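Since the model is a prediction, treat every value here as computed from it, not as a measurement. A, B, ... follow the sequence lines: proteins, then strands. Residue 1 opens every chain.
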Amino acid sequence: MLDIIKKIKDVLTNHFEGIQEKDILISSPPDVKMGDIAIPLFALSKKLNVPLQNLAERGIPLVKIEPYVDKVEKAGGYLNLFLNRSIVGGQIIQQVFSKGRLFGSSMSGKGKKALIEHTSINPNASPHVGRARNAMIGDSLSRLFRFEGYDTEVHYYVNDMGRQIGLLVLISDEIENLDFNGILQAYVHANQRAENDPEFAQKGYDLLAQMEQGNEEVRKKFFKVTDMCLKGQLGVLRRLGVDYDYFDRESSFIESEELNKVLDILKTKGALFVDEEQRLTVDLAPLGYTQEEGRYFVLRRANGSSMYGYRDLAYTIYKGHRGADEDIIVLGEDHKLYLQQISLILSSAGYTPPSPVFYSYILLKEGKMSTRQGNVVLLSDFLDSASALALERVQEQCKELSEEEQKLIAEQVAVSAIRFAVLRVTPTKNVIFDIESALSFEGDTGPYLQYSCARIKSILRKYGEKVPTNILTSFPIRQNEEWLLLRKISEFPLTILNSIEQHNPSIIAGFALDLAHIFTSFYHSCPVLQAENEEIRMARLQICLATLRTMQNALHLLGISVPERM
RNA sequence: GCGCCUGUAGCUCAGUUGGAUAGAGCACUUGCCUCCGGAGCAAGGGGCCGUGGGUUCAAAUCCCGCCGGGCGCGCCA
């Protein structure tokens with residue numbers, strides 16, 4: 001399909017003087033009945049100074065490219081091309097079969113490196129679905145970059161220090177056997193106490209200062225608490241299939257020679273000063289910052305201890321040195337101004353700041369999630385109830401499977417439900433999360449996608465043998481549904497490129513939904529195993545196989561697995 | 001108040017980067033399991049694409065104003 005579009009552009013640019021590839025737009029007609037590829041001529045007609053009708057007449061024989069294009073019609077200001085379904089369809093299937101697990105990848109990242117940092121949840125509680133949006137987007141992007149051939153490394157920035165962690169460490173001394181389940185309560189308690197008890201708050205700062213100065217005993221205490229919490233959080237995230245290559249401790253960036261060099265540069269620009277309260281501060285105005293809000297960026301407190309910004313700048317520089325062609329960080333929209341600030345600092349010292357992927361918050365139907373008011377949805381709670389619900393259905397429908405296998409499938413269904421519900425929405429938009437519909441597994445959901453795959457697998461299982469992968473030279477296509485399915489499959493590589501370019505996994509999610517809808521429609525109107533003759537039966541089996549392959553590749557990028565049955 | 005994001009069917013979301021009659025799911029109405037899995041399919045009702053202007057052959061899409069929602073403006077991270 002892609003090469004046909006390329007051919008059309010070649011033919012037209014060669015024939016008409018003074019137009020380039022980008023002048024030729026390609027879209028598709030609103031209905032298959034009107035053709036497969038549409039070329040709007042309005043802009044071309046203007047550019048070439050040729051009347052529309054005239055241009056259409058001249059264009060028709062040009063774009064009727066043998067043997068791929070059967071027919072060209074002019075309709076309004078468009079040229080509509082009808083493809084030869086047999087030839088093009090056969091080629092699409094051939095391509096899926098030959099590329100297999102890599103179908104969809106253009107390997108645009110071959111020889112390049114990608115670094116993605118995501119998640120970085122404060123070690124103070126079990127993650128809720130809002131926090132997990134970061135992890136799901138980040139993980140999906142990581143999968144996309146790997147798929148496109150990038151040498152990809154995934155980083156998790158461990159927030160193992162700071163004032164609030166100091167308070168948590170302080171209070172953990174008073175609680176016996178503090179574990180992951182009790183940590184949120186301890187954290188909330190510690191912060192409340194710091195608000196009402198200045199002495200306690202001061203002790204927190206002191207502890208933090210000791211930690212920074214390298215007091216081994218204090219350091220160990222920090223590590224003990226944060227490690228315990230991180231371990232708990234990672235356990236929940238791993239249920240989602242989210243994994244990391246590197247864990248970078250914030251506490252190893254409290255002093256950085258490299259950053260101090262950057263600060264020297266800032267000094268020469270008149271952007272670094274010690275304020276009236278003895279804090280080391282950057283004035284962003286000399287660097288080109290135009291607003292008053294957020295103009296000052298504090299690096300160190302009066303007692304010399306580092307602020308988050310200092311450590312993060314050092315960390316960002318460290319990541320930059322790893323030589324990635326794509327340096328990406330996934331952040332909540334609340335970090336926008338903050339990232340703007342550190343980006344300005346870095347770029348004015350000659351560094352390239354990372355490209356941010358911002359996402360908006362997940363809201364509940366009732367409003368914002370609030371830990372205090374108790375209306376948060378914990379990721380583990382959601383997975384537990386989704387898994388339990390799914391298990392009931394699996395027990396009904398897959399009686400012959402062992403209990404172990406049934407549980408495994410139920411868990412896969414639960415994961416797909418949450419991942420799809422979150423990933424299908426464009427990151428910049430709020431997700432309104434409705435637990436009830438997320439647990440229903442009906443309609444446009446992850447389980448629906450898995451279900452359509454399970455149906456294909458069921459057909460292939462019943463067929464019993466391996467479906468041959470050699471394609472008939474005149475591949476038989478009788479029904480619109482067959483053709484629509486193949487056309488959709490052929491869009492997959494372009495969809496991936498779009499998705500990676502825009503750093504937006506929801507584009508893949510939309511594609512997977514379209515594909516599943518078209519498949520189920522095909523499934524209901526085109527009998528496969530009972531097809532009218534052997535040739536068509538084989539062709540439909542091959543269409544099923546190609547659809548499954550494409551769907552599996554797409555779902556893999558979303559972190560959704562495809563069970564054999566469900 | 002200032003800055004960034006956002007507004008599409010009753011609800012939750014798409015909309016191929018400016019193209020033809022704006023599409024899905026949920027909910028509602030109707031039909032479909034003797035037939036490859038009903039977590040499904042087919043059909044129907046439901047839309048001043050927040051609002052007012054502008055740009056042009058063409059605007060849900062681009063520009064400006066207004067209105068509603070989200071986020072930010074820390075000795076937090």
Side-chain angles (χ1 to χ4, degrees), chain A residues 25-31 34 38 40 42-43 45-46 52 75-78 80 120-122 124 157 159 161-165 191 201 205 250 277-279 290-296 298 300-303 305 307-309 311-312 332-338 340 358 360-361 363 365 368 390 393-394 397 413 421 424-426 428-434 436-438 440-452 454-463 491 494-495 498 502 506-507 509-511 513-514 517 520-521 523-531 540 544 565-566:
Chain A
L25 299 167
I26 304 286
S27 63
S28 46
D31 195 295
M34 299 169 73
F42 311 97
S45 144
K46 205 170 193 179
L52 261 183
Y78 298 87
N80 288 340
S120 194
I121 304 173
N122 276 340
N124 58 23
Y157 190 46
N159 301 129
M161 56 178 302
R163 191 181 82 97
Q164 281 155 335
I165 303 302
N191 278 283
Y205 281 122
E250 189 181 337
E277 291 174 52
Q278 300 304 307
R279 296 173 298 193
T290 52
Q291 281 165 269
E292 200 51 36
E293 292 84 11
R295 172 177 165 184
Y296 299 103
V298 179
R300 287 192 184 280
R301 299 181 177 91
N303 71 0
S305 65
M307 295 280 288
Y308 179 78
R311 287 166 250 142
D312 198 27
E333 62 175 338
D334 51 336
H335 285 67
K336 272 187 185 174
L337 175 62
Y338 168 76
Q340 201 188 328
F358 291 113
S360 290
Y361 283 12
L363 308 176
K365 267 189 157 178
K368 299 177 199 175
R393 315 240 342 222
V394 175
Q397 302 199 28
V413 171
R424 63 175 300 208
V425 182
T426 303
T428 50
K429 289 178 54 157
N430 288 107
V431 172
I432 313 291
F433 187 69
D434 175 24
E436 250 180 77
S437 63
S440 80
F441 308 151
E442 271 169 25
D444 289 351
T445 62
Y448 168 71
L449 302 176
Q450 293 177 312
Y451 184 70
S452 63
R455 282 173 145 181
I456 301 178
K457 289 194 172 194
S458 175
I459 292 175
L460 297 174
R461 215 166 34 238
K462 286 208 164 68
Y463 175 65
E491 289 171 17
L494 212 59
T495 305
N498 257 327
Q502 296 176 43
S506 80
I507 295 171
F511 173 86
L513 262 186
D514 286 348
H517 279 137
T520 37
S521 165
Y523 178 87
H524 282 277
S525 60
C526 304
V528 177
L529 297 174
Q530 310 295 328
R540 286 184 180 163
C544 283
R565 308 154 187 255
M566 61 186 282

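N430(A) places its CG atom 16 Å from the C1' atom of rC11(B), with the value rounded to the nearest Å. Rounded to an integer number of Å, the gap from Y205(A) OH to rG74(B) P is 14 Å. Counting to the nearest Å, the P atom of rA39(B) and the CZ atom of F441(A) are 13 Å from each other. Residue Q340(A) contributes atom CD, which lies 17 Å from atom P of rC2(B) at whole-angstrom precision. Note: NZ (K336(A)) to C1' (rG74(B)) measures 20 Å, nearest angstrom. In this structure, L529(A) atom CG and rC35(B) atom C1' are separated by 12 Å, rounded to whole Å. Protein atom CG of L363(A) is 16 Å distant from nucleotide atom P of rC11(B), rounded to whole Å.
The pairing partner recorded for rC71(B) is rG3(B), the criterion being a Watson-Crick or G-U wobble arrangement whose two distances lie under 3.5 angstrom. Base pairing of rC49(B) is not made with any nucleotide, judged by Watson-Crick or G-U wobble geometry with both donor-acceptor distances under 3.5 Å. rA42(B) is paired with rU30(B) under the criterion used here, namely a Watson-Crick or G-U wobble arrangement in which both key atom distances are under 3.5 Å. Nucleotide rC76(B) forms no Watson-Crick or G-U wobble pair with any nucleotide shown, as no partner meets the under 3.5 Å limit on both distances.
Side-chain proximity of N159(A) to the nucleotides rA77(B), rA14(B), rA42(B) is greatest for rA77(B). Closest to the E333(A) side chain, of the nucleotides rG72(B), rG3(B), rC71(B), is rC71(B). In this structure, the nucleotide among rG70(B), rU6(B), rU16(B) sitting nearest to the side chain of S28(A) is rU16(B). Of all nucleotides listed (rC5(B), rC75(B), rA20(B)), rC75(B) comes nearest to the side chain of R279(A). Listed nucleotides rG40(B), rA20(B), rA39(B) differ in distance to R455(A); the shortest reach to its side chain belongs to rG40(B). Candidate nucleotides rC36(B), rA20(B), rA39(B) were compared by shortest atom distance to the side chain of Y451(A), and rA39(B) ranks first. Picking from rG72(B), rC13(B), rC71(B) the nucleotide with the shortest atom distance to the side chain of L337(A) gives rG72(B). In this structure, of rC36(B), rC71(B), rC76(B), it is rC36(B) that holds the atom nearest to the side chain of Y523(A). For H517(A), taking side-chain heavy atoms from C-beta onward, the closest of the listed nucleotides rG1(B), rC76(B), rC41(B) is rC41(B). Set against rA20(B), rG38(B), rC13(B), the side chain of V425(A) has rC13(B) as its closest nucleotide.
Side-chain atoms of N80(A) and base atoms of rA20(B) include a donor and an acceptor less than 3.5 Å apart.
Taking a centre distance below 5.5 Å and an interplanar angle below 30 degrees as the stacking criterion, F42(A) stacks against the six-membered base ring of rG19(B). Both thresholds, 5.5 Å between centres and 30° between ring planes, are met by Y78(A) relative to the base of rA20(B), so the two rings are stacked.
For S506(A) and rC13(B), the shortest distance from a side-chain N or O to OP1 or OP2 is not below 4.0 Å. Between T426(A) and rA14(B) there is a side-chain N or O to OP1 or OP2 distance below 4.0 Å. Of the side-chain N and O atoms in K429(A), one or more sit less than 4.0 angstrom from OP1 or OP2 of rG7(B).
As judged by a 4.0 angstrom heavy-atom cut-off over every strand, R393(A) is placed among the base-contacting residues. In this structure, G162(A) reaches the sugar-phosphate backbone alone: every heavy-atom distance under 4.0 Å involves primed, P, OP1 or OP2 atoms, never a base.
Annotated as anti: rC4(B), whose O4'-C1'-N torsion sits more than 90° from 0.
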What's the verdict on side-chain hydrogen bond (donor to acceptor under 3.5 Å, both in side chains) for T495(A) and N498(A), showing C-alpha distance, side-chain angles and the deciding distance? CA-CA 5 Å; T495(A) 305; N498(A) 257 327; over 6 Å; no

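Between the side chains of T520(A) and Y448(A), at least one donor N or O lies within less than 3.5 Å of an accepting N or O.
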